[in-house]
Amino acid sequence: MIPNFELSVEVSKRYNFDKNSLHKINNNPWVKNQWPLVYFIQNETKRVAYVGESTNFSNRIKNHLANPKKANVFNQISIIGSDKFNKSATLDIESKLIQYISSEGTYELQNGNHGLINHNYYQQDLYKDLFKNIWGKLIESKIVSKSLEEIENSELFKYSPYKSLNEDQYNSVLEIIEALTRSESNQIFIKGSAGTGKTILATYLIKLLGSDVSDTNMDDFSDNEIQEINLIRAYKEKYPKAKIGFVVAMSSLRKTLQNVFRKIPDLKSSMIISPSDTFKKNYDLLIVDEAHRLRQYKNIGWMGVFKKNNQKLGLDNSGTELDWIIANSKNQIFFYDPAQSVKPSDIPSFNFEKLIHQKNTIEIELRSQMRSKGGNDYITFVDDLLNINRDTKSFYSPENYDLVVFDSMKDMYEQLSIKETEYGLCRLVAGYSWPWLSDPKKKPKPNLDAIDIEIDGVKLQWNKTDKDWINSENAFKEVGCIHTTQGYDLNYTGVIFGEEISFNKFTNQIEIDKSKYFDKNGKRGIDDIEYLKEFIINIYKTIMYRGIRGAYIYACDKNLREYFKEHITSYKISSKLRILPFSDVKPYINSVPLLDIYAAAGKFSDLQIRRDYENYKWIELPINIVAREDYFVCQVIGESMNKKIQNGSWCLFKKDPGGTREGKIVLVEHYNIQDSDFGSGYTVKSYHSEKIISEDSWHHQSIILKPLSFDPTFKNIVLTEDEISSLKVIGEFVTVLDV
């Protein structure tokens, strides 16, 4: 590390993108000195843009202006330069800008996606904050508006065909396109475990093969990029109007990818199809994502349609969706991982192995872990853990991955709530161990308020939608299953091992209770419990692989929890406050109760009347605070009050004393409150009221509950005159306790 290495970056003013401005552009210091630079061409009105990099920008801009596709579309250009730029750095920054701008939504990016590869270069770690600096300046210049974090959580970013590939993936692309141009018919299998970037590679390929590269100027291209462009040209010469389809067997992921393709130039949502859709036309190429989820004629709810599709090809009931895809296309690319097969309706692995071992089949394996910050070691650990292949003395504590097992469902949900506030895209996911009582499609009449899952007093419902649930509005308050999460990336996953899975301490084996497994199509016709166990183990492995940053684990079976705790760090309450054993508790003399806002469900109002003290946790207060009968402690989660109360702080409240509350921080309850931090019913905010005063009386016109946050996106909660009577002020904030 060079101690005095400082990076500064400059985003120029916007120049007109025309020949009359060449003199001004050529006088830009980075252009004038032929420095490596990055540039951004745009048309705000048409909402289109192009990103590039060059070491000889004077020539590059002349080429752009000579190209009517650019000269007639764009009208402004900005130049990004730094005295520390080199060719490798500008390639890296160009690649990142393409990824983020294409997903940010302000502009439709006109770049092709060829040549997007992660660039490793000397002293790369010194440039790690440079891109954040550049993005901040683009926001200041009002070229873009969304933060990097907001973009990274979007479905468009996660499945963007503009994602930079690693070397492993990029070499696979060259091998695939070369094979497609070489033979008349191909079957290509891309194998890789969860998180190796199979879907990213698939979207990259389908965008790349549809790109117009006829007039691409390759003056500054690397050898790999030139090879890639020439291969695309050869493919287009062989298939001038190629019919390409992207087959996605899972309906939830299919819906998500259709939304993504709708927003990408040269791609259409109609390109994302189901296996049944392959009968609509003859395809030159079908790219099949999550091929291990293709189905056979077994345990499915639409057997009539399945049978008719088989009959179209002269097949009996042994025909599968794999047969349909091969029959309806000249070339196929299968992205495949047999370890993620989770239902008996999935085609058995031997069907695929038979194809893989054919003479002309090409097999490519992806090895690099792209999703989990735990890397391949975490993938191996989960597989060994759930297949009881680990040395019991071996404790796994990954450096870059937050893996924790919880004894309390309440604690897990609270900690996941903190991560949701910090990162977003944190979800609870469970095995199918509870019936779906709140199913909105249930006949004759659904019960949308039914509680599906209750653990440790935490009441939850299954996902309300089976289409793109991960990105749905109330997803954090619901529980997803394998069918709504497979194929998706999360920041944190709260994994609930349900009542159908347990650990036998005497045999040292995981066991399955079929009667507590409620996926009817997942168990129908399976008499061999070990066969069912394989599917259920695959389900839990797959959902444990969803998290990018971490996985929180709760097991309903105590023995299974204890087994996990032999290998994984256990959660411990990080507060320095002491929770007293109940035998030492003297209520309101040496301790005050700890109350859970999330599980309150109306119990705050009778706090001082009830005497079932043993049902509460009791906190010993710091020595400088004397316990009182109107005191209680709550944890405040979220960023809406972070000017006064940091996310996750343990706070002391006193029961509402009445009188004026103006300007005070209060905990309130109201049926109409929908707070992003606390969910429905409760909030902690600064209290303000607007009164109407007459000669001999007054009444509230409105009550305003104001956030005190550095984040301006948090808005006031306003309760109007007719809503005020239902407002309950539960407590008044006293202080943040030592945590």
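None of the values given here were measured: they were computed from a predicted structure.
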Please list all pairs meeting ring pair (Phe, Tyr, Trp, His ring centres under 6.0 Å) that have one or both residues in residues 350-376, counting only residues at least two apart or in different chains.
Y336-F352

For R524, look at atom CZ and say whether over 12 heavy atoms of other residues, nucleotides or ligands are found less than 6.0 Å away.
yes

Taking the side chain from D383 and the backbone from T380, do they hold a donor-acceptor pair closer than 3.5 Å?
no

Are E499 and D513 packed together at the side-chain level, in the sense that at least one heavy-atom pair is separated by less than 4.5 angstrom?
no

If you draw a 6.0 Å radius around NZ in K373, do more than 12 non-hydrogen atoms from other residues or ligands fall strictly inside?
no

Taking everything shown except K307 itself, do over 12 heavy atoms lie less than 6.0 Å from its NZ?
no

Do L490 and I548 have side chains that approach each other closer than 4.5 Å (heavy atoms only, starting at C-beta)?
no

Flag if over 12 foreign heavy atoms under 6.0 Å of NZ, K298:
yes

Spatial distance of atom CZ (F503) from atom CD1 (I388) [nearest 0.5 Å]
5.0 Å

Would K464 and E478 count as a salt bridge (charged side-chain N to carboxylate O under 4.0 Å, His left out) here? Give the steps.
CA-CA 8 Å; K464 289 290 188 186; E478 299 168 356; over 6 Å; no

Side-chain donor-acceptor contact under 3.5 Å, D466 with S251
no

Mind checking whether Y517 and I512 have side chains closer than 4.5 Å, heavy atoms only?
no

Let me confirm one number: the CG-CG distance from D323 to N310, rounded to the nearest 0.5 Å.
7.0 Å

Begin from the C-alpha positions of R427 and E420 and carry the test salt bridge (charged side-chain N to carboxylate O under 4.0 Å, His left out) through to its verdict.
CA-CA 8 Å; R427 301 288 181 265; E420 168 69 8; 3.3 Å; yes

Quiz item: cation-pi between K523 and Y531, 6.0 Å / 45°
no

Residue from N259, L257, I200 passing side-chain contact (heavy atoms from CB on, under 4.5 Å) with Y159:
L257

In this structure, are over 12 heavy atoms from other groups packed under 6.0 Å from Q358 atom CD?
yes

Between the side chains of S345 and N299, is a donor N or O closer than 3.5 angstrom to an acceptor N or O?
no

For E155 and K158, run salt bridge (charged side-chain N to carboxylate O under 4.0 Å, His left out): C-alpha distance rounded to whole Å, both residues' side-chain angles, the deciding distance at 0.1 Å, then the answer.
CA-CA 5 Å; E155 60 185 23; K158 291 186 178 297; over 6 Å; no

Of all heavy-atom pairs between D439 and P446, which one has the smallest distance, and what is that distance?
O-CB, 3.4 Å

Correct closest heavy-atom pair for F306 and E321 would be CE1-CG, 3.9 Å

Measuring from I536:CD1 to I529:CD1, what's the distance to the nearest 0.5 Å?
7.0 Å

Please step through side-chain hydrogen bond (donor to acceptor under 3.5 Å, both in side chains) for the pair S276 and N309, ending with a clear verdict.
CA-CA 7 Å; S276 287; N309 283 341; 3.1 Å; yes

E167 atom CD: more than 12 heavy-atom contacts under 6.0 Å
no

Min side-chain heavy-atom separation V479-I453 under 4.5 Å:
yes

Please work out which of the three classes, parallel, tilted or perpendicular, describes the rings of H567 and Y563, given edges at 30° and 60°.
perpendicular

Side-chain (D456) to main-chain (V458) donor-acceptor, under 3.5 angstrom
no

Under the salt bridge (charged side-chain N to carboxylate O under 4.0 Å, His left out) rule, what do D489 and R371 come out as? Steps first, then yes or no, please.
CA-CA 7 Å; D489 292 351; R371 177 190 297 132; 2.6 Å; yes

Aromatic rings Y423 and Y492: how do their planes relate, parallel, tilted or perpendicular, breaks at 30° and 60°?
parallel

Between Q332 and S329, is any side-chain donor less than 3.5 angstrom from a side-chain acceptor?
yes

Does L385 reach the side chain of K541, with side-chain heavy atoms less than 4.5 Å apart?
no

Hey, are the side chains of L403 and Y378 touching, using non-hydrogen atoms and a 4.5 Å cut-off?
yes

Counting C-beta onward and ignoring hydrogens, is there a side-chain heavy-atom pair between M412 and Y571 closer than 4.5 Å?
no

Are the side chains of D337 and H292 in contact, using a 4.5 Å heavy-atom criterion?
yes

F497: which of F564, Y432, Y554 passes ring pair (Phe, Tyr, Trp, His ring centres under 6.0 Å):
F564

Begin from the C-alpha positions of S252 and Y488 and carry the test side-chain hydrogen bond (donor to acceptor under 3.5 Å, both in side chains) through to its verdict.
CA-CA 10 Å; S252 180; Y488 288 90; 3.1 Å; yes

